[in-house]
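Below is one structure, written out as structure tokens; the observations come after it.
Chain A is the first sequence line, chain B the second, and so forth, proteins listed ahead of strands; every chain is numbered from 1.
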Amino acid sequence: MEAARLADLHAYVDDCLEPDERLAFEQQMAQDPALARRAALWRAQNNAIRTAFDGEGARAFPISIVRHQNETFGRAARSGAAGAKPSGEQPPRAALSAVAHTGRPSAKTIAPDAFRPSLLWRLGVATLSFCLAWVWAPAATVAPAKRLGEAGVAAFQAFARPGVEPVEFATSETAEAQTWLTTRLTHPVYLPATPSALKLVGARIAPYPGAPAGFLVYRSKDRLVGLLVQSLDAPSTTAPQLLAADGSAAAIWTWRGQGLALVGDLEGAALLKIAAEFADSPAETAQPMPERGR
Amino acid sequence: MTVVPPLSDRPGDLSDLRQFGVALTRDDRLVPDHASAAALVDRLFRQAALEAVGEGVRDDSDRAAREDARVRAFGQFVRLHRRHVRRLALDDGEFGWDENGESAHGKASAGEIGMAAAVRALPLELREPLLIVVLAGFTHREAASALDISLATLITRLTKARERVAALTRPLPAAAPRAAPHLRVVK
């Protein structure tokens, strides 16, 4: 089949044709039973694929996670490629084939089970794991205080400065900020109630090694204060401690499975006092993980 | 306060990205079960979110920007997944590992497997275009853009993918009855 006709067939099957193009293609199919059969087969295949993978979209991702237009990787090499007429040429596949063509034998030539551990090995590992679990009970996770402090200070320096919108989600309600962060980070986030001396400005996502963190911005009189919130693996609850991070002060504590870092243009003692108020305050009503369905 | 409209009212949302992600990441070699695929999809998206901090398209952006963002989101996911697959192969010491190689199911004869297994059996370079067009509902132009390939390449790969899936899921012709039972009693 010629390339243009094949492209039209795919476009017809995938509902990518304009109404007049669609009509024209249906007239072609009426005169070519083989073409019509192929279209019907591929349409049925599409439906079967949708049915086979149905039910995976229950939890959606927010669109605001998307990189900005001026992203750097991979785009420059494809100028105009998407709009090109089908011509049969293949684009360079440097990224995909960089690993594949090294002259070593491909995994395709090796038996699929070659890398699976033997039953004896699995039994040995299981026994060893059981023995270790029996004799050694791990202590609670040590909170990465330095990392929390550095991430908090970096977020504050990046976002709480003149000319930059400090928050992505502006709200003065802690419960709303909690719901927004839970949705954005796709795991439950718990926020302490706001101390009376502070006023919540809003929330945003901030960088943290390995996974993004929540970052809240508060106003204290005429100054801004930031609170970084990051889920940790079961840390024990600790009282706020002052830490020097990147030339600034940060008050670090753990609470409800999270590490928190309070940062801002305040003296260390003032930060610690506010942190203690946060630590003593009750939590906002726990928000269930929102299911954002289709 | 920013009001985010319900998901169903927002054009170009990413509600089908999870479906696409789980379908794409599952295969018979590296991600053999659904739970692993779901965990991998979540992890790749946390990575994506980290890279997008402060640069994202807002939830109240206009329709065209959101649709463009959707294409870039899928593209970003595909690239992260490719990178993950390559890294996994390198970690396993399979320097010559071919991410587009067929799985054991891919070598199965026609009519032996169901639709999901047939799709999983496709090499990654064929699985990507088929799933992004069928599950995510992208136009061919958008799909080519998200996958970082030309439209011609997309059509070529779609043709190969559809023909291979058709071959794998085609019912077997009725076999002649066996002369003797192929199971025997072992005492």
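Between A:Arg38 and B:Glu163 there is a side-chain heavy-atom pair separated by less than 4.5 Å. Counting heavy atoms from C-beta outward, B:Thr156 and A:Leu6 have side chains that stay 4.5 Å or more apart. The side-chain heavy atoms of B:Val134 and A:Phe53, taken from C-beta on, include no pair separated by under 4.5 Å.
Taking every heavy atom of both residues into account, B:Gln19 and A:Arg50 meet most closely at NE2-O, 4.2 Å. Between B:Arg162 and A:Gln45, the shortest heavy-atom distance links the atoms O-NE2, 3.0 Å.
One finds the CD1 atom of B:Ile155 at 9.0 Å from the CG atom of A:Leu9 (value rounded to the nearest 0.5 Å). We find the CG-CG distance between B:Leu130 and A:Asn46 to be 7.0 Å, quoted to the nearest 0.5 Å.
Within the 4.5 angstrom heavy-atom criterion, only side-chain atoms of A:Leu41, from C-beta onward, approach chain B. Within the 4.5 angstrom heavy-atom criterion, no atom of B:Leu154 approaches chain A.
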